[in-house]
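Worksheet: one structure, shown below.
Residue numbers begin at 1 in each chain, while the letters A, B, ... track the order of the sequences.
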Amino acid sequence: MTDLLAARTQMALSLGFHIVFAVIGIGMPALMVLAERKWLKTGDPVWLDLAKRWSKGTAILFAVGAVSGTVLSFELGLLWPKFMEYAGPIIGMPFSLEGFAFFTEAIFLGIYLYGWTKLSPTAHWWAGVAVMVSGTVSGIFVVFANAWMNAPTGFEIVNGLPTNIDPIAAMLNPASFHQALHMTLAAFATTGIAVAGIHAWMLRKNPQDVFHRSALHVALLVAIPASLLQPISGDISAKFVAKYQPAKLAAMEGQFETERGAPLRIGGIPNEATRETPYSLEIPKALSFLAFADLDAEVKGLEAFPEEDWPPVAITHFAFQVMVGLGTLMMLASLWVLVLWWRKREVAESRPLLTFLALLTPAGFIAVEAGWVVTEVGRQPWIVYGFMRTKDALTPMPGLVYPLIGITLLYCFLGVVVAYLLWAQILKTKPMTQEMRVP
Amino acid sequence: MTLAYVLAGVTMLALNAYVLLGGADFGAGVWDLFARGPRAARQRAAIEEGIGPIWEANHVWVILVVVLLFTCFPPVYAHLSVALHIPISLLLVGIVLRGSAFTFRAYDSTKSPVQKYWGRIFSISSTITPILLGVCVGALVSGALALPVGGDFLATYLRPWLTPFAFAIGGLTLAVFAFLAAVYLCVEVHEQELQEDFRRMAIAAAIAVGAFAGIALLLGSRDRLPVMGSLLTQPWALPFQLVTAVLAVTAIGALLTRRYRLARLAAAAQVSALMWGWALAQAPYLVPGVHTIESAAAPAITLRLVSYGLVGGACVLMPSLWYLFRVFKSDSMSAFERVDTAEYRRPKGE
Ligand code: HDD
Ligand code: HEM
Ligand code: HEM
């Protein structure tokens, strides 16, 4: 394994690991806050029980999110020192603001988790709101930094060095808005669907359980709006990619030829050698329409770019299909729930829907991972699109495969432990509504 | 005084906060490892309760340091990341294991032997991580990182930090963290017996701090490190040494006479003085012999915006931190309760 490949794999692994916890860190506070709000309003202890059990899981997940995030902030330098030297002054701004947002989040999470009996119920609820807001804001700032890698603005290159830096323009680059929107929605949709799925699974065994019914209800309140908006926001993202990163769009779609009225491909296996994407279902002219809102617009194929500037086509295409496919399923599940609600029927009484939701439990996480693969792998061979190649950012340190092995083992271990703890501590234990003290 | 100097100072302040708060968390983990005798279980429980609610926030300081470093002094961040790749990677393993094991232990209420292993992982990584942190600082201070990067592997990636001096600083860091933790715990526990235990630990750690500082000084002078030169000859050197000495004596004296609040104040001040002495001795260099504050600084506009960001951030952060400490550190720790007091009990007498 070359050092470059090892470093890329390590980065992908660390980010792919962190994003799971980041998504939960953004989504779960919303669920807890909603449940606690219901408790404040109704006094029904089932809501308090729910908020407490969720916050217990969140505490475990947050800790792993925080340590894996800390690893990332060092890893950016350990693996890509030249990128950080180049980009630090330009995108340091969102990172510094993100630092403060994390800080606020960590503080209020501490207050929230350990302060059930130390604060008045209203003050406690507001601490939860503070966690939710600061978690979302921190996610947005990190994504701004990533958006700059896709749409680098706010500087000029003079003699090979970035000059005339404008950190504000860099932070608010053309990719910032849609990436932040899409990511934030993804976090809420993912968490909402996952939690709904877990409780739907429990309800399949015992449809009358009030605890799980309440949980499912709150989770769906978060999941439905987000998963309905997600395809729309994805379309905004795709239009951006079409305009600013045509090679990425071509890879996403397995489009090798430049053509007018390009079809949308569903499935298929792009072959870089033969420059074809066989076995796909083609919807005529749909890609031109989706990308440029014009049935006959010209879509650049990969042939328009030198081969050294191609991203890995098959991975990008496959990941894109996975994300869109799962997004569609999540949207369908949400519509199904809305139909039942509209007909005044209980979700818990529709066994097929419960099964569907339970099957979708991991869908959001897979879609998030796939989406990031589209963004990051699709940007290759660039680390800063059009300005700096990934290989030029690499650390001179040799033997990078060893840290890769180390971090892989470490994260596998942590993953197993977290899964076990959540299962043993939360899923397996009985809700404690019965014996609960009301503070 | 330029903005670059101000921001270097702020970065140092954040590091200072990390040492005083996060460092004490590490130190508490060290005492968890060394908890012995009839009250070992109670000592561990007190340690865990002291860390609980605020440990997460305490560790964000290091992120602030890193972020400030790569935003305001990017070449320094890049240089350190390359030259100290190996110890920093090991340090990260320690940070990950420690942070997650602490939480896993707290939430693993299966009361099984597994929980004991979390405790072990927590305390062992709490002990190793500060040493590695100190080794990184020691390597930086010693000026060994000035080597041209890209030489042979040994000379570039191992020799700069595999030195007796760097490890002396590692030991010093460990001792300092343990000292801070023991002194803080004296204030936080209210049972007389436990207080006496932690007092004894604090005094032992104070002696270790003195010993490691002496060793580092000796090794540093033997190797004729430039930093040592300025620590001894600069105009501020004498007053600085006097102040540190007075603070150290105050801290020990207060411990001996059981005035714990005074001891806490003096200990924190003494450790801060030690750190600022290092900063002054190394200034204007950030990486001795390679990067100065001026030469490594990001363009003026970045520095200006970051300082606005810092002021804005501080306006959110300071009240929040104040609130956090007020909620959790104001009254007796026995009133402390967890999310799920009903379910969770530390196994007694492990
Ligand atoms: C729950 C997760 C989820 C779901 C259901 C979807 N996405 Fe997505 N997508 C993401 C989660 C995500 C993501 C992981 O959050 C990404 C990676 C970077 C980003 O900004 O969002 C992403 C990126 C991303 C990009 C690349 C943006 C770029 O490179 O700048 C496009 C074009 C789309 N998405 C389009 C879609 C479409 C058309 C969807 C239709 C259903 C869709 N996404 C559903
Ligand atoms: C799209 C990508 C990312 C998102 C949405 C995101 C979001 C988050 C969120 C919501 C948290 C809160 C912790 C939690 O709830 O588990 C978090 C933690 C953290 N993230 Fe990320 N993150 C991303 C990528 C990164 C990257 C690239 C870095 C490194 C530079 C990073 C650094 C951190 C750090 C240091 C923490 C810990 C903060 C603490 O201790 O509270 N994150 N992230
Ligand atoms: C958390 C969600 C993210 C995931 C899952 C993710 C995923 C990936 C993947 C798969 C790669 C490897 C691409 C390749 O080499 O083929 C990568 C590379 C990289 N990502 Fe991301 N990414 C995320 C967010 C971010 C953010 C927020 C930043 C920075 C602000 C970032 C910075 C980088 C850098 C510096 C590289 C290495 C250079 C490169 O390969 O282009 N990523 N990421």
Heaviest contributor of heavy-atom pairs below 4.5 Å to chain B, chosen from A:Val418, A:Leu79, A:Thr104, A:Val417, is A:Val417
Looking only at A:Leu414, A:Leu97, A:Asp166, most heavy-atom pairs under 4.5 Å shared with chain B are made by A:Leu414
Heavy-atom distance under 4.5 Å to chain A: side chain of [X], backbone, both or neither?
| X | value |
| --- | --- |
| B:Ala101 | neither |
| B:Val96 | both |
| B:Val76 | neither |
| B:Val66 | side chain |

Within the side chain of B:Tyr184, is there an N or O that forms a donor-acceptor pair under 3.5 Å with the backbone of B:Leu20? yes
Is there a donor-acceptor contact under 3.5 Å from the side chain of A:Trp125 to the main chain of A:Val33?
yes
Which bit of [X] is near chain B, if near means a heavy-atom gap under 4.5 Å: side chain, backbone, both or neither?
| X | answer |
| --- | --- |
| A:Tyr402 | neither |
| A:Ala51 | neither |
| A:Ile407 | neither |
| A:Thr395 | side chain |
| A:Leu409 | neither |

Of B:Leu303, B:Leu92, B:Ile95, B:Val67, the largest count of non-hydrogen pairs under 4.5 angstrom with chain A goes to B:Leu92
Measure up the [X] and [Y] rings against each other and bin them: parallel (under 30°), tilted (30 to 60°), perpendicular (over 60°).
| X | Y | result |
| --- | --- | --- |
| A:Phe141 | A:Phe144 | perpendicular |
| A:Phe108 | B:Tyr323 | tilted |
| B:Trp118 | A:Phe413 | tilted |

Taking every heavy atom of B:Pro74 against every heavy atom of B:Ala298, the minimum-distance pair comes out as CD-CB, 4.1 Å
Going by atom type alone, with no hydrogens or angles, which donor-acceptor pairs under 3.5 Å involve a side-chain atom of residues 81-93 of chain A and a protein atom two or more places apart or on another chain?
residue, atom, partner, partner atom, Å
A:Lys82, NZ, A:Leu394, O, 3.2

Show me the donor-acceptor pairs, under 3.5 Å and distance only, between side chains in residues 83-90 of chain B and residues at least two apart or in other chains.
residue, atom, partner, partner atom, Å
B:His85, ND1, A:Leu78, O, 3.3
B:Ser89, OG, B:His85, O, 2.8

